Amino acid sequence: MAQNYSASHSEEVSSTRKVIAASSVGTLIEWYDFYIFGSLAKIISEQFFPKDNPTAALLATLATFAAGFVVRPFGALFFGRLGDLIGRKYTFLVTLVIMGGSTFVIGLVPGYAQIGFFAPAIVFVLRLLQGLALGGEYGGAATYVAEHSPDNQRGYWTSFIQTTATFGLFISLGVILIVRQSLGLEVFNDWGWRVPFLLSIFLVGISVFIRMKMSESPMFSKLKKEGKTSANPLAESFKQKDNLKMVLLALLGATAGQGVVWYTGQFYALSFLQNACNIEFVQSNIIISIALVIGTPFFVVFGALSDKIGRKWIMMLGMLIAVISYGPIYNAMYDTANLKNKVEIKEKTIVEHKAEVKGTDSLKTTITKKVFEDGTTYKETKKEKFPVDAAAKAAMPKDKLKPDTKKEVVLPQDQFIRMIGFVFIQVLFVTMVYGPIAAFLVELFPTRIRYTSMSLPYHIGNGVFGGLVPLIATRLVEASKEPGYSNPLSNLINGVTGHASAAAGSADPLAGLMYPILIAGVCFVIGTVYMKNKPAAMDGE
Amino acid sequence: MSAIQRILGIVWAALGVGIIPLAIMRAMAEIAKKPSEENWIFWSIVLVVLMPIIAFSLITFGVFALKGEYDSVD
């Protein structure tokens, strides 16, 4: 008897593992596909969206943002409805094919120089398809895995799906770095950037093959057999008060805060390292990559822990610690890289000048290399371009004559490790809020409308609230340059640490944090007051 | 807990209502100060995407909370 139980139990575990593996690999590839576009945004912009063409530039902006926060929720509704009507398996198979196909084709589209306006138009449509597919994928994968998991282990099993977004980002950064280093910067900028896109087709092929072999979720199959599936999942999800109130609770009490913590810890941290701290491209990407790898197992740790102590308090604690500690962490990151805190070895400073004439323009390049006592190195490349003709130069507007300056700081090993630590702490917050959230969301809604109901708050929370972190944070930093600006967060930190406030006219590097802190703070209060802690049993209806 | 949930419902609904004129006035002031394309795109995103979502969800959530719809959740 005991032997029979043991055999059936191990079969069950093995079958669940296959479900997790098949679902996770597909979702991982979807995230990879979605992120390589973002990670290569600069090159894509140069290839497809030239700045001197205003329509193409507008399409670039729309492609960057629309895919994230307009199309993703729309994809959640479209594919969520489909998943609740025809089943989870075929729906998230379709999303995978759309995502993989779009990514592959982006790698093949000729540039603006070859086909003109068609290039940005095609890429724009493909990017929208990517957003649409991503909107349908996550809800399907999380629902599918949750419906295969036992009640007491749902947090644990679904947490593997939660690792895929971070792993997808990690793999996209890794593939880009490897291809860039192998081909060299010039070849990479010319055609090498296409390789990460083209690679996607092999990954998707494998994943489609695996997913084809999977069976439909047992809960949905039972519902379909009994003829109890929803006839109109959208109306049932958002027009019925009992369900709408849970959708709102999921958004305002969990996913909005989770979204901003996720984007701050992983994307804004990279942007802050590169733009505020001026850390060199490769080093900054390595810092993020290592922190992601060390942090990723904690998705599973917190997912499993949520099966034991409940989902709510782990997520709320993650948000609360993030709100309290973002200021000090980012302040410490800024201080670590701040050259004003370092002593320069003047005799090692090298300044190189280069002047050349290209057509009617004169190009002057000044490269300054500095070494500091703690081992930090600094390289500043200043490029000035102006007409050779003095009269034409005098007639040019001042902002056109402004030199293009690139600053690159490379940190010594101890500070490099410290930076990894600062980012890792933020990834830890991400794992706390994100690890248990799939289980939390699927448990809020009944099987007949689960895919639709959980997908929308997830994608609004992540796509809109989270996706806007870089845009709003950058905007807040810009606004901090204006006279009379005052940031309560910076004032508080400066008061505690004794630092001087940002000089008038210069940017306050911490200003961008106000948005994620505010959203996560409100979300923490709503979640704490209104959400329940106990993991719920999911109905099979 | 139910009493706190209901009282806070007023706060959420009021925040949702208050955010609409606040965002519109700020957008108008910012665009008037610097009518660049960047400014237009940024404030369009805020007014067309972010503000309606925040306002609608906070107002509806607040009204539900005030009516005691979340009393049974905890």
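Remember, it's a predicted structure, so these values are computed and weren't measured experimentally.
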* Test side-chain contact (heavy atoms from CB on, under 4.5 Å) applied to B:Trp12 and A:Val525, step by step -> CA-CA 11 Å; B:Trp12 309 129; A:Val525 174; 3.9 Å; yes
* To do: For A:Tyr530 and B:Gly9, work out which heavy atoms get closest and say how close.
  =>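 Heavy-atom minimum between the residues: OH-N, 3.6 Å.
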* Electrostatic pair B:Lys34:A:Glu478 at N-O distance under 4.0 angstrom ->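 A:Glu478 and B:Lys34: not salt-bridged.
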* Asked: Does any N or O in the side chain of B:Tyr70 come within less than 3.5 Å of the main-chain N or O of A:Val529, such that one atom is a donor and the other an acceptor?
  ->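 No, the answer is negative, given that no donor and acceptor are paired below the 3.5 Å cut-off.
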Give, for atom [atom1] of [X] and atom [atom2] of [Y], the distance between the pair rounded to the nearest 0.5 Å.
X: B:Leu58; Y: A:Leu248; atom1: CG; atom2: CG; value: 9.5 Å
X: B:Ser57; Y: A:Leu252; atom1: OG; atom2: CG; value: 4.5 Å
X: A:Leu251; Y: B:Ile53; atom1: CG; atom2: CD1; value: 8.0 Å
X: B:Glu69; Y: A:Leu244; atom1: CD; atom2: CG; value: 10.0 Å
X: B:Ile54; Y: A:Ile460; atom1: CD1; atom2: CD1; value: 11.0 Å
X: B:Phe64; Y: A:Leu249; atom1: CZ; atom2: CG; value: 11.5 Å

* To do: Show your reasoning for whether side-chain contact (heavy atoms from CB on, under 4.5 Å) applies to A:Lys241 and B:Lys67.
  => CA-CA 12 Å; A:Lys241 191 177 66 182; B:Lys67 285 182 175 174; 6.0 Å; no
* Flag yes if more than 12 heavy atoms outside A:Phe524 fall under 6.0 Å of its CZ atom; otherwise flag no. =>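 Check passes, neighbour count above 12.
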* Side chain, backbone, both or neither of A:Thr528 within contact of chain B (heavy atoms, under 4.5 Å) ->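 The backbone, not the side chain.
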* **Results of ring pair (Phe, Tyr, Trp, His ring centres under 6.0 Å) for A:Phe465 - residues two or more places apart only** =>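 Result, ring pair (Phe, Tyr, Trp, His ring centres under 6.0 Å) vs A:Phe465: none returned.
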* Select, from B:Val46, B:Asn39, B:Thr60, the one with the greatest count of heavy-atom pairs under 4.5 Å involving chain A. =>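 Maximum pair count with chain A is reached by B:Asn39.
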